[in-house]
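To start, the structure itself, in structure tokens.
No hydrogens, no waters, no symmetry mates; every other heavy atom, side chains included, goes into these values.
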Amino acid sequence: RVKLYYSGDVAPQYPLSIVVKVECGGDHNLTNMARQLDLYEREYNFYAGLQPDFPLSTPKSYGMLFTKDFSKREGVILEDLGDFVMYTGSERSIIQNCANLHAKYWGKERLLHAKLCNDNMALYPRLGTFMRSHYEAFVMRWSSHLRQKDVELALKIADRFELIQDYLSRPPLTLCHGDVKRPNIHMDLNGMPVFIDWQHMMWGKGVQDIVFLLIESSDVDSVDSGEWKTMYMECLHASDPCTTIYTKEQLDKDWAVAMCFYPVFVCFWLGTIPDQEHIDNTFAQRFIGRTFAHLSKVEVDQILDSLDTN
């Protein structure tokens, strides 16, 4: 956070402080993977292309930071929202905001892809290679927390990761936040949500945002995923009638495949790095447990097998 001082009369719209968000330096797992996933570039692209009619509230962008030779962006200058206050509104209100985003950009990936870049096929096939190369380390570390069928499912997902990526990259696609969770949603002074941290922004299936929110937010016994699906479908169709061609059958399959993609990648990634490199030492165990608990409620085996034939 940087305080700003002005000389003379200043228009009231000039900010008194800004937030300068810069890339992490050093050589450690989180930073290296962030670079491999293009997380910094994704966020720069998001704020550089942010339009006035964007359907979600986000921090204003005042510009970019560049290296001394102007060859590369290395940070973004953002509106100061004040001290972070986590959004406490209902899950439905978060799902409604996500549905508004998805409806706005539904099917527009070809028009905007060049500007906003990444989709689920980004880093193909490196993510699949990563999954298979880290499978043994993941199982060795977490087998005592997983059931045997979870271990077998993890291997099946790793083996079919390219098929999963391919499926989630087929139209209809939309713009996704990619990391929807309450720690990435600030509550403004009016109690409204402001979505931050757009490093995982991508073109994908809209349900990818809802699935990640589900796993990050709740234990499997405290939530009915069927209700979440219904809420999302209702909100999506109400936001734009053109999305009514998206059926419950499509949503159910997208939901199951989405559960096998980024959440399981996060399990393998954060579940195999040293504890001292975690920002939150409790996150990996909590997230891994929730991911495989939610996966156990979905018929993912049959759906993964069907990807071989499509």
### Query
Does any non-hydrogen side-chain atom of Ile185 lie less than 4.5 Å from one of Met86?
no

### Query
Under 3.5 Å, side chain of Asp188 to main-chain N/O of Gly191, donor-acceptor pair present?
yes

Please tabulate, for the side chains in residues 128-136, all donor-acceptor contacts under 3.5 angstrom to protein atoms that are two or more places apart in sequence or on a different chain.
{"from": "Thr129", "atom 1": "OG1", "to": "Pro125", "atom 2": "O", "distance (Å)": "3.2"}
{"from": "Arg132", "atom 1": "NH1", "to": "Ala158", "atom 2": "O", "distance (Å)": "2.9"}
{"from": "Arg132", "atom 1": "NH1", "to": "Glu162", "atom 2": "OE1", "distance (Å)": "3.1"}
{"from": "Arg132", "atom 1": "NH2", "to": "Glu162", "atom 2": "OE2", "distance (Å)": "2.7"}
{"from": "Ser133", "atom 1": "OG", "to": "Thr129", "atom 2": "O", "distance (Å)": "3.1"}
{"from": "Ser133", "atom 1": "OG", "to": "Phe130", "atom 2": "O", "distance (Å)": "3.0"}
{"from": "His134", "atom 1": "ND1", "to": "Phe130", "atom 2": "O", "distance (Å)": "3.0"}
{"from": "Tyr135", "atom 1": "OH", "to": "Val151", "atom 2": "O", "distance (Å)": "3.2"}

### Task
Please confirm whether the backbone N or O of Gly89 pairs with a side-chain atom of Arg182, one donor and one acceptor, at under 3.5 Å?
yes

### Query
At their closest point, which heavy atom of Cys260 faces which heavy atom of Ile164, and how far apart are they?
CB-CD1, 3.8 Å

#### Entry: Side-chain donor-acceptor pair present, Asp254, Tyr246, cut-off under 3.5 Å
yes

### Query
Using the ring of each side chain (for Trp, its six-membered ring), is Tyr44 parallel, tilted or perpendicular to Tyr40, with breaks at 30° and 60°?
parallel

### Query
Got a donor-acceptor contact below 3.5 angstrom from the Lys108 side chain to the Lys104 backbone?
yes

### Query
Between Val20 and Val2, does a side-chain contact (heavy atoms from CB on, under 4.5 Å) hold up when you go through it step by step?
CA-CA 7 Å; Val20 181; Val2 178; 3.8 Å; yes

### Message
With rounding to the nearest 0.5 angstrom, report the CG to CG distance, Leu153 to Asp301.
### Response
6.0 Å

### Query
Are Ile303 and Leu155 joined in one hydrophobic group, where the rule is that I, L, V, M, F, W and Y side chains link up if heavy atoms are under 4.5 Å apart?
yes

## Note on the structure
Rounded to the nearest 0.5 Å, the OG1 atom of Thr247 sits from the NZ atom of Lys253 at a distance of 11.5 Å

### Summary
In this structure, OH of Tyr105 is separated from OG1 of Thr174 (nearest 0.5 Å) by 9.0 Å

### Cationic N near anionic O, under 4.0 Å, Arg35 to Glu41
no

### Task
Report yes if the side chains of Val180 and Ile94 come closer than 4.5 Å at any heavy-atom pair, otherwise no.
yes

#### Entry: Stepwise salt bridge (charged side-chain N to carboxylate O under 4.0 Å, His left out) check, Asp83 with Arg1
CA-CA 10 Å; Asp83 292 339; Arg1 179 178 290 169; 3.2 Å; yes

### Task
Report yes or no: do Met192 and Val194 belong to one cluster of Ile/Leu/Val/Met/Phe/Trp/Tyr joined by side chain heavy-atom distances under 4.5 Å?
no

### Least distance between heavy atoms, Val76 atom then Ser61 atom
CG2-OG, 4.0 Å

## Note on the structure
When Ile215, Thr291, Ile157, Leu146 are each screened for side-chain contact (heavy atoms from CB on, under 4.5 Å) with Cys267, the one that passes is Thr291

### Task
Could you check Lys248, Lys229, Arg92 and say which one makes a salt bridge (charged side-chain N to carboxylate O under 4.0 Å, His left out) with Glu234?
Arg92

### Query
Are the side chain of Thr272 and the backbone N or O of Phe138 linked by a donor-acceptor pair below 3.5 Å?
no

### Query
Would you say Leu175 and Met201 make side-chain contact, with heavy atoms under 4.5 Å?
yes

### Task
Could you tell me whether Phe84 atom CZ has more than 12 heavy atoms of other residues or ligands within 6.0 Å of it?
yes

### Task
Could you walk me through whether Glu23 and Arg73 pass the salt bridge (charged side-chain N to carboxylate O under 4.0 Å, His left out) test, one step at a time?
CA-CA 9 Å; Glu23 297 181 17; Arg73 297 176 291 190; over 6 Å; no

### Message
For a quick check under 3.5 Å, do Gln96 and Asn100 share a side-chain donor-acceptor pair by atom type?
### Response
yes

### Message
Would a single hydrophobic cluster contain both Val85 and Ile196, if residues Ile, Leu, Val, Met, Phe, Trp and Tyr are joined by side-chain heavy-atom contacts under 4.5 Å?
### Response
no

### Message
With a sphere of 6.0 Å drawn around NZ of Lys72, does it hold more than 12 non-hydrogen atoms of other residues, nucleotides or ligands?
### Response
yes

#### Entry: Note, Trp269 side chain near Ile273 side chain (heavy atom, < 4.5 Å)
yes

### Message
Main chain of Leu37, side chain of Arg42: is a donor-acceptor contact present, judged purely on distance under 3.5 Å?
### Response
yes

### Task
Give a yes or no answer on whether the side chain of Gln302 reaches the backbone of Glu299 with a donor-acceptor pair at less than 3.5 Å.
no

### Query
How about Tyr47 and Thr58: does a side-chain donor come under 3.5 Å of a side-chain acceptor?
no

### Output field: ring centroids Phe46/Phe54 closer than 6.0 Å
yes

### Query
Can Val211 be reached from Val220 by stepping across I, L, V, M, F, W or Y side chains whose heavy atoms are under 4.5 Å apart?
no

### Message
Tell me which pairs pass ring pair (Phe, Tyr, Trp, His ring centres under 6.0 Å) where either residue lies in residues 283-305, with sequence neighbours left out.
### Response
Phe212-Phe287, Phe283-Phe287

### Task
Say whether, by atom type as modelled, one donor and one acceptor occur between the side chain of Ser239 and the main chain of Leu236 under 3.5 angstrom.
no

### Nearest heavy-atom neighbours spanning Lys205 and Cys176
O-SG, 3.4 Å

### Message
For a quick test of reading the model, state the closest non-hydrogen atom pair linking Ser218 to Ser222 and the distance between them.
### Response
CB-OG, 3.8 Å

### Query
Would you call Gln208 and Phe261 a side-chain contact if the rule is heavy atoms closer than 4.5 Å?
yes

### Query
Any chance the side chains of His102 and Tyr232 put a donor and an acceptor closer than 3.5 Å?
yes

### Any donor-acceptor N/O pair, Glu79 side chain to Lys60 backbone, under 3.5 Å
yes

### Query
Glu216 side chain to Lys181 main-chain N or O, any donor-acceptor pair under 3.5 Å?
no

### From CG (Asp179) to CG (Asp209), nearest 0.5 Å
9.0 Å

### Query
Should Val22 and Tyr62 be regarded as members of a common hydrophobic cluster, given that ILVMFWY residues are connected when their side-chain heavy atoms come within less than 4.5 Å of each other, either directly or indirectly?
yes

### Task
Give the intermediate values and the outcome of side-chain contact (heavy atoms from CB on, under 4.5 Å) for residues Ser17 and Leu4.
CA-CA 5 Å; Ser17 61; Leu4 302 178; 5.6 Å; no

### Task
Please examine the side chains of Ile210 and Trp255, heavy atoms only from C-beta on, and report whether any two atoms are closer than 4.5 Å.
yes

### Task
Would you indicate whether the side-chain heavy atoms of Leu295 and Val264 approach each other to under 4.5 Å?
yes

### Task
Check the pair Met33 / Asn29 against side-chain contact (heavy atoms from CB on, under 4.5 Å), numbers first and verdict last.
CA-CA 6 Å; Met33 182 59 75; Asn29 281 287; over 6 Å; no

### Task
Check whether any side-chain heavy atom of His177 lies under 4.5 Å from a side-chain heavy atom of Asn184, and answer yes or no.
yes

#### Entry: Nearest heavy-atom neighbours spanning Asn97 and Pro193
ND2-CG, 3.7 Å

### Query
When you look at Glu43 and Lys21, which way does the side-chain contact (heavy atoms from CB on, under 4.5 Å) test go after all the steps?
CA-CA 10 Å; Glu43 188 158 52; Lys21 187 175 182 180; 2.9 Å; yes

### Query
Under the 3.5 angstrom rule, does the side chain of Asp150 hit a backbone N or O of Arg147 as a donor-acceptor pair?
yes

### Query
Where is the tightest heavy-atom contact between Arg160 and Asp305, given as atom of each residue plus distance?
NH2-OD1, 3.6 Å

